[in-house]
Amino acid sequence: MNKMFSFLDHYHAKVKWHPFIALLLASVILGIIPRMDIPDVADAVQTGAGNIFG
């Protein structure tokens, strides 16, 4: 979880990306690193964002 926050902080502060985009990218990258299948990563991100936004 700390890696996600450092990634988010880096891309928000240094690259000037919107925090939502940085968080979305961090979620995708952290899903791919443990060799999750790409469709599973997409489903997890979509489900997580759907739960947040209703």
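Worth knowing before you read on, the calculation uses all heavy atoms, side chains too, and leaves out hydrogens, waters and symmetry mates. Values in this document were obtained by computation on a predicted structure and should not be read as measured data.
Across all their heavy atoms, Met36 and Ala44 have their closest contact at CE-CB, 4.4 Å. What you find for Val45 and Ser27 is that their closest heavy atoms are CG2-CB, 4.2 Å.
If you run side-chain contact (heavy atoms from CB on, under 4.5 Å) between Leu30 and each of Ile32, Val28, Ile33, only Ile33 comes through.
Between the CG atom of Leu24 and the CD1 atom of Ile29 there is a distance of 10.5 Å, given to the nearest 0.5 Å.
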